[in-house]
Amino acid sequence: MVTPGPSHTTLGRVLDDLGEVLLEPVAVARLTRRQLGGVVIHDPHDDAEFPRHAVVLGVGVREPDEVVRLMHEAGRRGAAALVVRSPVVASPALRQAADSSGVALLGLASGASWTQLAAMLRTLLSEGDIGDVSPQTLGGLPSGDLFALANAVASLLDAPVTIEDRNSRVLAFSGRQDEADSSRAETILGRQVPERFTRDLEHDGVFERLYRDRAPVYVDPLRYEHEGINVPRVAVAVWAGDEVLGSIWAAVHEPLSEERTQALVDAAKLVALHLLRLRAGADVERRLRADLVSTALEGGAGAPEAIARLGLLGQPSVVLAMGLLGAPDSDDGLRLAAERQRVADALAMHLSAVQPRAAVALIGDVAYGIVPMPGRPADCPGRAVRVASTFLERTGRRAAAAIGIGRIALDGSGLRASRDGADRALRVLLTGSGAKRVITAEDAHVDALMLELADLAAARGDGATGPLARLLDYDARHQSQLVHTLRCWLDAFGDITAASAAAFVHPSTFRYRLRRLAEVGEIDLGDPGDRFAAMLQLRLLPPGPAATGPSDARAETTAG
């Protein structure tokens with residue numbers, strides 16, 4: 001991603017917003033006023049530079065001595081805070097390490113995932129850095145600061161609130177969430193209202209009322225006690241003209257008064273302005289990032305500056321190319337474009353968790369990722385495959401995406417070649433029928449060459465020649481299956497039993513057809529050159545439907 005401007009989010013602000021649900025201060029002392037500037041995941045084998053004032057996620061770090069060592073190492077590399085999994089005791093050694101290193105120590109709550117924490121931290125740290133970073137306010141609050149807005153609404157209503165999008169994903173939440181119930185805690189941890197709850201709300205018509213009327217909707221908890229809900233909810237939709245942008249949900253212990261109901265309605269109008277500001281800023285950010293990534297991958301005169309602005313100058317990197325599988329020309333072009341952008345955004349979040357300096361942009365129909373790969377070049381292909389495979393496993397088949405991986409680029413000048421390799425690998429995946437969803441340029445090399453040869457043959461108008469042309473002509477005139485017989489025999493490496501099974505005929509019938517095709521096609525099946533020529537033409541110039549397979553499973557005794 002594009003390296004953001006200096007963050008104005010302090011450690012104290014993060015603890016205020018996330019402290020009750022995700023984080024607990026262990027050894028913070030006088031460090032709460034320190035500004036934070038990025039999120040990195042600790043990797044003992046990676047000595048890449050940290051963002052300034054980074055929050056380091058110490059995944060798997062548990063032993064006190066190991067925590068102390070990591071705090072000192074993080075301090076030497078300019079980090080501001082270290083997060084380890086709770087429980088962790090604030091021993092004198094840890095407090096002393098915090099004082100001497102200048103690194104605050106925080107604990108990640110049990111049940112919370114590192115992915116959740118990384119996403120929330122990046123949301124907080126990126127506020128105010130999207131689009132125009134000049135100081136702006138809406139309703140007296142920093143433009144786009146949804147967490148500050150959630151806290152303001154919570155103060156007006158005297159109740160903890162969440163701000164959610166149209167799909168019930170949590171965009172921001174206020175403090176005091178401990179005053180709600182277990183369902184709210186689950187919602188905050190997952191950044192998503194549990195599906196079982198949204199399904200019940202939809203069944204009861206709550207969403208229909210919410211998105212039909214401009215007035216708040218009261219949700220009685222009695223119907224949903226089995227879902228862990230014992231505190232009533234009041235919700236109001238957030239409208240921008242005729243479009244619903246999302247909703248505000250407050251956990252209240254009694255119905256709102258008339259004054260607070262009006263305050264919630266007014267707050268929804270302010271939330272709409274902030275959401276529109278964020279949307280506009282995100283669009284600007286995407287366009288800027290796409291321009292920089294595109295320029296860097298083109299490799300022209302402007303590439304060095306674009307690479308420098310992306311923070312990738314002098315770093316070995318690989319290019320990933322991601323496309324959607326089975327994405328035909330759709331009548332709903334807007335839906336398809338939105339799906340591509342959604343998957344590209346998910347890839348950007350995944351890669352930034354793995355490598356903070358990764359840059360992702362949707363260019364045309366393909367999402368490209370430039371991923372720094374410090375360490376031994378020989379290890380890079382395997383690491384890149386693991387990164388891509390992990391992303392596709394997490395998104396599941398719903399994303400239906402495939403990723404091609406280019407060769408390692410030792411510096412910016414090699415990004416163009418890495419992109420070309422990633423494009424060729426992706427094309428192999430998108431045009432193939434195999435189960436693979438990730439492949440490197442090296443592994444796709446032969447298949448990519450075959451596709452390029454097929455393009456050349458098509459461009460020149462080449463058709464089948466020699467034995468294959470004679471067999472195709474014979475099949476067309478006699479409704480026979482000689483070409484299919486040849487294909488099955490070649491695919492089976494001459495194994496009559498396997499080939500006849502693939503052709504759905506008796507082995508004796510298959511042998512007869514084989515002799516017949518040798519006569520008709522004037523081909524010597526014992527000659528390696530003849531076999532290779534036939535295999536190549538069958539691969540590059542696939543015949544029509546009549547020759548690709550048997551029209552039925554009858555065991556014919558003749559070929560004509």
Side-chain angles (χ1 to χ4, degrees), residues 323 325-329 402 423-436 439 443-560:
L325 290 165
D329 295 332
D423 281 336
R424 289 195 295 271
L426 176 62
R427 186 186 178 196
V428 168
L429 292 172
L430 296 182
T431 58
S433 57
K436 279 189 175 181
I439 194 170
D443 290 340
H445 182 63
V446 173
D447 288 326
L449 280 178
M450 299 300 290
L451 290 172
E452 290 165 7
L453 283 173
D455 290 343
L456 177 61
R460 297 194 316 192
D462 291 346
T465 60
L468 185 60
R470 290 188 283 272
L471 293 175
L472 285 168
D473 178 67
Y474 187 89
D475 280 349
R477 287 187 290 109
H478 297 87
Q479 289 84 47
S480 57
Q481 299 290 335
L482 296 186
V483 172
H484 182 63
T485 300
L486 177 61
R487 189 190 297 274
C488 291
W489 185 77
L490 291 171
D491 288 347
F493 296 99
D495 184 328
I496 296 296
T497 302
S500 61
F504 298 103
V505 296
H506 191 276
S508 297
T509 302
F510 191 87
R511 289 189 182 92
Y512 172 81
R513 290 186 178 182
L514 203 59
R515 291 192 297 270
R516 185 68 178 139
L517 76 85
E519 296 170 1
V520 171
E522 301 175 26
I523 180 173
D524 181 0
L525 296 179
D527 185 279
D530 282 2
R531 292 199 304 271
F532 177 73
M535 292 176 67
L536 189 61
Q537 285 202 66
L538 285 170
R539 182 73 175 270
L540 298 182
L541 305 168
T548 58
S551 57
D552 54 49
R554 291 175 298 171
E556 303 174 22
T557 57
T558 64

Which atom of [X] lies closest to which atom of [Y], heavy atoms considered:
X      : Y      : value
Ala464 : Ala469 : O-CB, 3.4 Å
Ala402 : Leu430 : CB-CD2, 4.4 Å
Leu490 : Ala534 : CD1-CB, 4.2 Å
Pro467 : Ile523 : CB-CB, 4.0 Å

Checklist entry - Is a side-chain N or O of Arg531 found less than 3.5 angstrom from the main chain of Leu525, in a donor-acceptor match? => result yes

At what distance, to the nearest 0.5 angstrom, does [atom1] of [X] lie from [atom2] of [Y]?
X      : Y      : atom1 : atom2 : value
Asp475 : Leu468 : CG    : CG    : 9.5 Å
Leu517 : Phe510 : CG    : CZ    : 8.0 Å
Glu452 : Asp447 : CD    : CG    : 11.0 Å
Cys488 : Asp495 : SG    : CG    : 12.0 Å
Leu325 : Thr431 : CG    : OG1   : 10.5 Å
Leu514 : Leu482 : CG    : CG    : 10.0 Å

Check whether any side-chain heavy atom of [X] lies under 4.5 Å from a side-chain heavy atom of [Y], and answer yes or no.
X      : Y      : result
Thr485 : Val505 : no
Val428 : Arg424 : no
Arg516 : Tyr474 : yes
Leu486 : Arg513 : no

Checklist entry - Between Arg487 and Asp491, is there a side-chain N and carboxylate O pair less than 4.0 Å apart? => result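 Salt bridge between Arg487 and Asp491, a charged N being under 4.0 Å from a carboxylate O: no.
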
Item to check | Which residues share a side chain to side chain contact (heavy atoms under 4.5 Å, CB included) with Asp524, sequence neighbours left out | outcome: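 Counting only residues at least two positions away or on another chain, Asp524 forms a side chain to side chain contact (heavy atoms under 4.5 Å, CB included) with Asp527, Asp530.
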
Checklist entry - Partners of Arg427 by side-chain hydrogen bond (donor to acceptor under 3.5 Å, both in side chains), sequence neighbours excluded? => result Asp455

